[in-house]
Amino acid sequence: MFDSFSRGASERLDRPAYHADFYRVFESGIRHLHKLERGQHFKERGFASWEAFAAGEWEKALSLAEERRDTYAEQIRDTVRRGITQRRLRVVEFPVTPYVQWELFVLRLRVELGDRIRVIDARTITDIEKGAAVPEVVILGDSVMYEVLYDDDGNAAGAKRYTDPGLIEETSTGFCALYERGESFFDFFDREIAPLPPPSVEARASVE
């Protein structure tokens, strides 16, 4: 499904260049945006909710996430105004990591506002991941695709930029197939995430 991905020609972009290129393409008239998230441990320095989560302040982290509601709502309205269909798929391993537990609370807010996010259990895609994990990928229309990169400590480190139409089409087809296999966000959240206790300080330290 993603077999050709690692063999495609790409251009390495640092984080500022990736963001600049992303928004340039996003505003160019594309009609869809697909995002596949696979990693289970990331750091989001500068995001107040994540900073509180990493400091062991769970209730504060959730409260700070809620403060982003208006920002997220405007982002989603802007996407709709541009005629862009945006879909995201989150792969979740078990046991659920503290980072993913926190992130799914943030994503719940986006889903409440109309974002199209589904979740897939990593145990159900072992047939696809025999050789390698599915990529962290963002696909903008039919012209540009990014493999999002992180350093060994989980910090964002830019992206690889791909423009080969065949590779983009193949990866987009793979994304759509996985997205259809995914589960309704709220069904997954209510069953697997809502019953969990706040991550312990010891568990949370594992993302540091």
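All residue numbers in this chain count up from 1 along the given sequence. This one's a predicted model, so the numbers in the text were calculated from it and none came from an experiment. Any value given below was found using the heavy atoms of this structure, including those in side chains, with hydrogens, waters and symmetry copies removed.
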Q) Does Glu59 offer a backbone N or O that forms a donor-acceptor pair with the side chain of Ser63 under 3.5 Å? A) no

(Q) I need the Leu178 CG to Leu89 CG distance, nearest 0.5 Å. (A) 6.0 Å

Q: Output yes when Arg181 and Asp127 qualify as a salt bridge under the 4.0 Å nitrogen-oxygen rule, no when they do not.
A: yes

Q. What distance separates Glu44 CD from Ser49 OG, expressed to the nearest 0.5 Å?
A. 8.5 Å

Q) Ion pair present between Arg82 and Asp78, side-chain N to carboxylate O less than 4.0 angstrom? A) yes

**Q.** Separation of Glu147 CD from Leu13 CG (nearest 0.5 Å)
**A.** 12.0 Å

Q: Assign the ring pair Trp102 / Phe53 to parallel, tilted or perpendicular, where the plane angle (0 to 90°) is split at 30° and 60°.
A: parallel

**Q.** Verdict with reasoning, Asp21 to Tyr146, per side-chain hydrogen bond (donor to acceptor under 3.5 Å, both in side chains)
**A.** CA-CA 10 Å; Asp21 195 71; Tyr146 307 97; 2.5 Å; yes

Q: Answer yes or no: is there a donor N or O on one side and an acceptor on the other, between the side chain of Arg110 and the main chain of Asp115, under 3.5 Å?
A: no

Q. Quick check: does any side chain N or O of Arg68 sit under 3.5 Å from a backbone N or O of Val106, one acting as donor and the other as acceptor?
A. no

**Q.** Leu140 side chain near Met145 side chain, heavy-atom distance below 4.5 Å
**A.** no

Q: Starting at CG of Leu33, measure out to OG1 of Thr79 and round the result to the nearest 0.5 Å.
A: 7.5 Å

Q | Gap separating the CD atom of Gln75 from the CG atom of Asp70, nearest 0.5 angstrom | A | 11.5 Å

Q: Please examine the side chains of Thr97 and Tyr99, heavy atoms only from C-beta on, and report whether any two atoms are closer than 4.5 Å.
A: yes

Q: Indicate yes or no: does Glu51 engage Arg45 in a salt bridge with an N to O separation below 4.0 Å.
A: no

**Q.** His34/Phe175 aromatic ring centres below 6.0 Å
**A.** yes

(Q) What I'd like to find out is whether the side chain of Ile128 reaches to under 4.5 Å of the side chain of Val134, using heavy atoms alone. (A) yes

Q. Can Glu93 and Arg123 be counted as an ion pair, charged N to O under 4.0 angstrom?
A. no

Q) Does the side chain of Phe22 come within less than 4.5 Å of Glu27's, by heavy atoms? A) no

Q | Cationic N near anionic O, under 4.0 Å, Glu136 to Lys35 | A | no

Q: Indicate yes or no: at least one non-hydrogen side-chain atom of Val144 is less than 4.5 angstrom from one of Arg161.
A: yes

Q: Flag the pair Tyr18 / Val138 as yes when at least one side-chain heavy-atom distance between them is below 4.5 Å, and no otherwise.
A: yes

Q) Within a strict 4.5 Å, meaning less than it, do heavy atoms of the Glu37 and Arg88 side chains meet? A) yes

Q.
If you compare all heavy atoms of Ala156 against all heavy atoms of Arg15, which two are closest, and at what distance to 0.1 Å?
A. CB-NE, 3.8 Å

Q: Would you check if Leu36 and Phe2 make a side-chain contact, meaning some heavy-atom pair closer than 4.5 Å?
A: yes

Q | Inter-residue atom distance Phe185.CZ - Arg90.CZ, 0.5 Å rounding | A | 10.5 Å

Q) Would you say Glu192's side chain and Asp187's backbone share a donor-acceptor pair under 3.5 angstrom? A) no

Q | N/O donor-acceptor pair under 3.5 Å between Asp153 side chain and Asn155 backbone | A | no

Q | Exceeds 12 heavy-atom contacts within 6.0 angstrom, atom CD of Glu129 | A | yes

Q. Once the angle between the rings of Phe26 and Tyr23 is folded into 0 to 90°, is it parallel (under 30°), tilted (30 to 60°) or perpendicular (over 60°)?
A. perpendicular

Q.
If hydrophobic clusters are built from ILVMFWY residues whose side chains come within less than 4.5 Å, do Leu109 and Trp58 share one?
A. yes

(Q) Can a donor-acceptor pair be found, under 3.5 Å and without considering hydrogens, that links the side chain of Ser10 to the backbone of Lys160? (A) no

Q: Report yes or no: does Gln101 contribute a side-chain atom to a donor-acceptor pair with the main-chain N or O of Pro197 at less than 3.5 Å?
A: yes

(Q) For Leu64 versus Ala52, what's the shortest heavy-atom pair and its separation? (A) CD1-CB, 4.0 Å

Q. Do other residues, nucleotides or ligands put more than 12 heavy atoms under 6.0 Å from the CG atom of Asp142?
A. no

Q) Is a side-chain N or O of Thr171 found less than 3.5 angstrom from the main chain of Ile168, in a donor-acceptor match? A) no

(Q) Check this for me: does any side-chain nitrogen of one of Glu74 and Arg69 sit under 4.0 Å from a carboxylate oxygen of the other? (A) no

Q. Within the side chain of Ser172, is there an N or O that forms a donor-acceptor pair under 3.5 Å with the backbone of Glu169?
A. no

